[in-house]
Amino acid sequence: MLFARILRRPRNPEFPLSHLSTSLAATPSLSVESENRTFDLDLVVSQVPVRKGCEEISQALIENESLRDVEVSHDAVDRLLTKFRDDWKSALGIFRWAELMGRRFEHSEEAYDMIVDILGRTRQWDRMRMILDEMRSKERVRVSTVGKVMRRLSGAGRWEDAVSIFDELQDFGLEKNAEMMNLLLDTLCKEGWVEQARSVVLELKPHIPPDEHTFNILINGWCKIDRIDEAKWTIEEMKGYGFRPSVISFSTIIRFYCRHGRFQKVVDLLDEMEKTGCPPNIVTYTTVMHALAKADEYEDALALVERVKASRCEPDALFFNSWIYVLGRAGRVEDAVRVFELEMPNSGVLPNLSTYNTMTSMYCHHGEVLKASALLEHMEISGGCKPVVQTYYPLLKACFKMGKTDVLLSELLDEMVNKHHLSLDLSTYSLLIHGLCRANKCDRAFVLFEEMIGKDIIPRYQTCCLLLDELKQKCLFYAADQVEDVMKRL
DNA sequence: TTAGGGTTAG
């Protein structure tokens, strides 16, 4: 019964390929390859029409003279899809356009996975299904594809659909094995469907015996929804199957107690781990250290650093990031910089994007915006990582805090969009609209509001309320009506 | 294929 349900198929796919091939035939010059074809991301991005359907977008791109000599490569598609990850219409339009532009162009595995994920996260289920069916017919469905589909379905509450994807695995040319079962369970549990995951385990037990991962996934699921008794009971069940609880099982339970601030329990468990020959590792320590910092217990958190040094654990980037975070929160900026500049390199651990995000946020938090900007330059040149929208949140927030809502804000936005090709996401729009409203610039906030609506990014209700109030106060009634219209649809 | 971090809004 559980596995008999079928994911809805599109009754009338809105994007038939035949239609596009007709338009390709109508523009024969497209099939002629020029010798000097290059790829200019800015050019393509600038030619993507706004507020159009995906079909219109791909059509407009195909007919665009200035894009005739554009070289479409896998890397180009990757960058474009990343850029439009919050804007499914543009993403799908570009995806279709690329198929028609490149001669005998076949999308890469990554591009397929990306478009599936974009359609899933924006809840375009029929279109996601359509791509999945295309992939199936070309035998290009991978484990990662299925994982993305299941995750998006579970995340949207469609756990039954996620389960029926598992039922379809053979149609996709994939095997129903423990790995795939665990993938399904993990997506279910991470979205809180733990009881459903347990039913799946029981139902599949005769065909696919649970392994150590299966139990750890369930333990994590129970902890996530605060059902610690079931988590402990799962540990007993695990033993019954002949598996010893691992450092992962213990660390998961420890994380639960950390989240609830029950640090005496944490200490007891750390001792138990040592005694039972399953000593904590760097992940366990990082979890506890971070939780202590969040509970403002900085001295205890830093004492753990000493414990790590005395142990055999190899510190990694996540550990250093947490250490820097602890020091930042404790107001010890100089010490944090010392860890970043000396301790990390001395241990041979390279900073990653999160290290830079943590440092940036710490600087901004302490009013050192210039140092934060300088670090952004540094991260590209010597760190080899590119900033993401999240990197800019603290910087943008600092702009509003300092009242620099003209030049500095514009420069930052320009850097984000034009230099790094980042797309503003829901959080950025919310931050900007809230900030501009508070800075008495609701006219500019409204422009951004319209822009996000055009990209199908749904504003938060509170954002609408705030903007509406401000617009009414300034007697901008036309704009206020527009906001009210959007609110009615929320 | 299972466990850890940061960045937004309220």
Side-chain angles (χ1 to χ4, degrees), chain A residues 143-144 146-147 150 177-187 189-190 197 208 210-221 223-224 231 234 238 243 245-256 258-259 269 273 278 280-294 301 304 308 313 315-326 328-329 336 351-365 372 387-398 400 424-435 437-438 459-466:
Chain A
V143 173
S144 58
V146 170
M150 286 173 170
N177 53 22
E179 178 192 351
M180 291 303 309
M181 175 182 77
N182 288 339
L183 186 60
L184 169 66
L185 298 175
D186 195 41
T187 58
C189 285
K190 291 221 165 101
I208 306 173
D211 61 12
E212 192 185 319
H213 294 176
T214 313
F215 291 106
N216 284 333
I217 289 165
L218 289 172
I219 293 167
N220 191 30
C223 285
K224 211 176 138 61
T234 306
M238 181 176 189
F243 300 109
S246 67
V247 63
I248 294 180
S249 328
F250 278 112
S251 300
T252 306
I253 304 279
I254 283 180
R255 185 168 186 240
F256 166 85
C258 279
R259 269 207 352 254
L269 275 166
M273 289 176 80
C278 178
N281 62 15
I282 196 68
V283 177
T284 328
Y285 286 127
T286 307
T287 309
V288 179
M289 182 169 82
H290 203 84
L292 284 166
K294 288 225 153 168
L304 271 183
V308 170
C313 299
D316 60 8
L318 251 67
F319 169 78
F320 279 108
N321 295 350
S322 283
W323 188 5
I324 291 169
Y325 173 79
V326 174
R329 272 192 67 122
N352 59 20
L353 175 63
S354 299
T355 319
Y356 286 104
N357 288 354
T358 308
M359 289 290 296
T360 308
S361 138
M362 179 187 72
Y363 277 137
C364 290
H365 200 77
V388 291
V389 268
Q390 288 86 345
T391 313
Y392 282 92
Y393 293 166
L395 282 155
L396 295 171
K397 201 178 165 185
F400 291 116
L424 309 190
D425 62 355
L426 174 62
S427 297
T428 319
Y429 278 116
S430 308
L431 195 160
L432 290 170
I433 292 172
H434 281 252
C437 281
R438 295 219 181 83
R460 296 195 176 100
Y461 192 75
Q462 290 93 326
T463 307
C464 297
C465 294
L466 178 67

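Everything numeric in this text was worked out from a predicted model, so none of it was measured. A, B, ... follow the sequence lines: proteins, then strands. Residue 1 opens every chain.
Judged as a salt bridge (charged side-chain N to carboxylate O under 4.0 Å, His left out), and not counting sequence neighbours, A:Lys224 has no contacts. Under the rule for a ring-ring contact (aromatic ring centres under 6.0 Å, His included), A:Tyr285 has no partner lying at least two apart in sequence or in another chain. Evaluation of the ring-ring contact (aromatic ring centres under 6.0 Å, His included) rule for A:Phe256 yields A:His260 as partners, not counting sequence neighbours. Qualifying ring-ring contact (aromatic ring centres under 6.0 Å, His included) partners for A:Tyr325, counting only residues two or more places apart in sequence or in other chains: A:His290.
With B:dG10, B:dA3, B:dA9 as the candidates, the nucleotide lying closest to the side chain of A:Thr252 is B:dA3. When the nucleotides B:dA3, B:dG10, B:dA9 are ranked by their closest atom to the side chain of A:Arg460, B:dA9 comes out on top. The side chain of A:Gln390 has B:dT7 as its nearest neighbour among B:dT7, B:dA9, B:dA3. If you check B:dT1, B:dT2, B:dT7 against the side chain of A:Ile217, the one that comes closest is B:dT2. Checking B:dG4, B:dT2, B:dG10 against every side-chain atom of A:Asp316, the shortest atom distance belongs to B:dG4. Residue A:Phe319 places its side chain closer to B:dG4 than to any other of B:dA9, B:dT7, B:dG4.
Ring geometry for A:Trp323 versus A:Phe319: interplanar angle of 30 to 60°, hence tilted.
Proximity of A:His434 to the phosphate of B:dG10: a side-chain N or O atom is located under 4.0 Å from OP1 or OP2. Residue A:Asn220 places at least one side-chain N or O under 4.0 Å from the OP1 or OP2 atom of B:dA3. Between A:Arg438 and B:dG10 there is a side-chain N or O to OP1 or OP2 distance below 4.0 Å. Not one side-chain nitrogen or oxygen of A:Lys190 sits closer than 4.0 Å to the OP1 or OP2 atom of B:dT2. Side-chain N/O atoms of A:Arg255 include one lying less than 4.0 angstrom from OP1 or OP2 on B:dG4.
Residues A:Val308 and A:Met289 have side chains not in contact (no heavy-atom distance under 4.5 Å, counting atoms from C-beta outward). Counting heavy atoms from C-beta outward, A:Thr391 and A:Tyr356 have side chains that stay 4.5 Å or more apart. Between A:Thr252 and A:Asn216 the shortest side-chain heavy-atom distance does not fall below 4.5 Å.
When heavy atoms are screened at a 4.0 angstrom cut-off, A:Thr463 is found touching no nucleic acid atom at all. A:Asn352 comes within contact range of at least one nucleobase, with a heavy-atom separation under 4.0 Å. Here A:Ser361 lies in heavy-atom contact (under 4.0 Å) with sugar-phosphate atoms only.
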Pair A:Leu304-A:Val326, side chain to side chain contact (heavy atoms under 4.5 Å, CB included): steps then yes or no: CA-CA 11 Å; A:Leu304 271 183; A:Val326 174; over 6 Å; no
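Below the 3.5 angstrom threshold, one finds no donor paired with an acceptor across the side chain of A:Thr287 and the base of B:dG4.
Of the inter-residue distances, the one linking A:Met180 atom CE with A:Met150 atom CE reads 5.0 Å to the nearest 0.5 angstrom.
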Nucleotide-level pairing of DNA chain B, given in dot-bracket where Watson-Crick and G-U pairs need both distances under 3.5 Å and | marks other strands: ..........
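Residues from residues 424-433 of chain A that place a heavy atom under 4.0 Å from any atom of DNA chain B, listed by number: A:Ser427, A:Leu431.
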